[in-house]
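Accompanying notes for the structure given below.
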Amino acid sequence: MIAAVVVDVPSGSVNKTFDYKVPPGLENWAEPGMRVIVPFGPRKLQGFILAVKQSSSVKGIKNITEILDPLPVLTPELIDLGQWLAENTLSFYITAYQAMLPAAMKATYEKFFTVLRPEMLSSEVSVLFSASGELSLNEVTKNHVHLLKKLQELTKTGVLDVVYKVKDKANKKKVKFVSLGNKTEAEELLNQNGKRAEKQKAVISELLSRPPGEYSLQEILHETGASLSSVQSLCKKGAVYIEEKEVYRDPYQGRNIKQTEPLPLTENQQNAITPVLDSIENNEHQTILVHGVTGSGKTEIYLQSIQSVLDKGKEAIVLVPEISLTPQMVNRFKGRFGSSVAVLHSALSIGEKYDEWRKILRKEVSVVVGARSAVFAPFENLGIVIIDEEHESSYKQEDHPRYHARDVAIWRGKYHSCPIVLGSATPALETYARAQKGRYQLAELSSRVHSNPMPEVTIVDMRDELKKGNRSMFSNELMEKLKAGIEKGEQSVLFLNRRGYASFILCRDCGYVAQCPHCDISLTYHKRYGELKCHYCGYKEITPSACPSCSSEHIRFFGTGTQKVEEELAKVLPEARVIRMDVDTTSKKGSHEKLLTSFGEGEADILLGTQMIAKGLDFPKVTLVGVLAADTMLHLPDFRASEKTFQLLTQVSGRAGRHELEGKVIVQGYDVEHYSIQLASQHDYLSFYNHEMKTRKLHQYPPFYYLGLLTFSHLELMQVVEASEKAASFLSKRLSPDSLLLGPVTSPIARVKDRYRYQVMIKYKNEPELRNWFEEIIAHFQKDKSIKDLQITGELNAQTLM
DNA sequence: AGCACGCCGACT
DNA sequence: GTCGGCGTGCTC
């Protein structure tokens, strides 16, 4: 039996399968979708079996070294999907498959020296080899570099050998359990007089007091105050048994989640859910856009659709944006479907993600709630995929494979003949356009549940405030409303739009702005560490006290951060209790949740934060939402700037007045006449859509054209210019007359990590060969020996131009 | 990617 | 003469 294996080398020249013999003992075991270890040249590598067959045209094939999984980790569907994914994102197959699995399953490699002829070793070398008789190369280069040459020599002469080890990052968590053992032994011990072995007695009586069974060792130790050694001696005597068992880490352990029942649907909701239920009932693939205003009860529609899928014995995937994967959101799903829900998001540790994922593989759960990568959940009976806030940019992965979760979901929906539900109050233009064209079904939810009114929005032009002599960052109206809220015991949310408005350092005398020496971007000031940091390459430096350019001391932090707003707020509203949420206050695990819980329990009057508080929050006492800088994003060199502004304002406004109390929103900015701000304040998606579509059509942007993007980067400017010009001329000869070629031009971020970046853009409607041309270009420069170290990435459907 | 093989300059 | 620099090509 022969296995076709893709190996763990992300490189063009090995982006194919290699044939290996399945050793006779493993023939009944090997299956497509399993991870294996195979010899590859002198090394050993992890790989995936993609297919098994009876013969191979390659001669001299080697054996598979080891099979890593008892069951395939990639289903046949995922094997197909991975191929499609790699080809459509111009990624390597191995990269696509690895993206589908939890990081814990990726291999790590280590090289070791082992001793073949110990008698030939000098004592200096011999002492390095521990009892196991091996020594990692890593250890040598770290601590004994001077011996490296000697070791290599010894390898040549056959005294030492080199072995390559493949390890899994996966750690299965083991917990020790104790149970009562030999009863007479135990009783004898208890009957002993005196103070001897007091702790051991305590352990025995604790176990006797409980119903027979196994108990976590940790728990018993905690209850009795005994130490591990006492239990170990009990074990030696045979009075107790200690057993190690594999357990799942449970990130939601000890949490009491109230079970909920399906709510009666409003007429609106009933209309919206009907096409979804029909699609489920008829086993027919449909993509359904549920366009519902904030607070219109989309989640209840999701929950009841899932219920109907589960009733048919099928499984469900729910995608939510990373940032809104809050406990509040998770609880709604756990509350309805209990322990049949697995949760996958980035705040979990590698081990926790691995455990949640294994619950899916072992069919112990039938619902997954997770961020982008959860779209690859290895269900085999998929009945629905729901993408909440489908317009969110976090559904697009920005490194390889550059996939969009929406596209993957639709692929899977076709495969399983099941519905894909896209939910949003502000659908991506592409999505709404498709719904209008009839490629997706459109379900509108135009009013909030219980007919709560949409919050009233007031726009404040900060230029007018300035004219009135108000130089603070809060308008008079916002101040009044904040004060009134505190007096009434209601809560407020203050949202600071920081995108495109990074806090940088500026010299007021000479205009110097601190820049990253490796990237064309200003450094961001982090007050907490007193340092300046580059968001692109991680470069850090100490904040200067004098201007490096003119030595002036008038160099100061510029731009508004949440910290600054908090300080300002303390000055003007000292009585307000404020909770600040931003990357600084939520970096510790669980702190995100803690802050939200205490806000929910009324421990603060104002929740102040960035992007992360814009979505999904649902607090009944929030009646006021203030947006501090609504227009900052509009000036970004991004054709989606208006769309993003509209979406964000709509999302934030939706946090107000979701329950009995009426909501009020105050939007502050300088460029407030802009249609995206005006129309968001009127809750008028359709007008925004029509307006924005005209703009996109005029400028030939999506959804009227797809964006193909080729990005070149190199340490030398000349090289990128030359290469991108060559590529542009190659493409211009081939593109259809309906397509547009733009560039080459410098990328919006012209330099990252010392590398210059140039790009060629293609706007096209139908260009079936574009993928191949991109591949040709990439292959051409890879072969070209006159240009070294040129990096090229190609994207067929770019979401942003950065 | 990483490793070996192999062909040229710098040194004992 | 040998050591080691990195350019080239291969991995079932």
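- For residues 25-34 of chain A, there are no side chain to side chain donor-acceptor pair (under 3.5 Å) pairs, not counting sequence neighbours.
- Without hydrogens or angle criteria, A/E356 side chain to A/A342 main chain gives no donor-acceptor distance under 3.5 Å.
- By the salt bridge (Lys or Arg N to Asp or Glu O under 4.0 Å) test, A/E139 pairs with no residue at all, sequence neighbours left out.
- Atom pair A/I94:CD1 and B/dG2:P shows a separation of 14 Å (rounding to whole Å applied).
- Within the structure, ring pair (Phe, Tyr, Trp, His ring centres under 6.0 Å) contacts touching residues 93-112 of chain A (residues at least two apart or in different chains) are A/F48-A/Y97.
- For the ring pair (Phe, Tyr, Trp, His ring centres under 6.0 Å) condition, no pair includes a residue of residues 49-71 of chain A, sequence neighbours left out.
- The stretch residues 5-33 of chain A touches DNA chain B through A/V9, A/P10, A/S11, A/S13, each having a heavy atom under 4.0 angstrom from the strand.
- Scanning DNA chain C 5' to 3' for nucleotides with an atom closer than 4.0 angstrom to a non-hydrogen atom of chain A gives a first and last hit of C/dG4 to C/dC12.
- For the pair A/D789 CG and B/dA1 C1', the computed distance is 14 Å after rounding to whole Å.
- Across all strands, A/F92 comes closer than 4.0 Å to no nucleic acid atom at all (heavy-atom distances).
- Partners of A/Y403 under the ring-ring contact (aromatic ring centres under 6.0 Å, His included) rule, at least two apart in sequence or in another chain, are A/F376.
- Contacts classified as side chain to side chain donor-acceptor pair (under 3.5 Å) and involving residues 43-57 of chain A (residues at least two apart or in different chains) are given here: A/D19-A/K53, A/D19-A/S56.
- The side-chain contact (heavy atoms from CB on, under 4.5 Å) test applied to A/R751 returns A/D520, A/D754, A/Y756, not counting sequence neighbours.
- Within the structure, the side chain to side chain donor-acceptor pair (under 3.5 Å) test picks out no pair touching residues 716-731 of chain A (sequence neighbours left out).
- Of the residues in residues 36-53 of chain A, those with a non-hydrogen atom less than 4.0 angstrom from any atom of DNA chain B are A/P42, A/R43.
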List, one per line, each side-chain donor-acceptor pair under 3.5 Å for residues 64-72 of chain A, sequence neighbours excluded.
| unit_1 | atom_1 | unit_2 | atom_2 | d |
| --- | --- | --- | --- | --- |
| A/D69 | OD1 | A/R35 | NE | 3.2 |
| A/D69 | OD1 | A/R35 | NH2 | 2.6 |
| A/D69 | OD2 | A/R35 | N | 2.9 |
| A/D69 | OD2 | A/R35 | NE | 2.9 |

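- If you take OH of A/Y93 and P of B/dA1, they are 18 Å apart, rounded to a whole angstrom.
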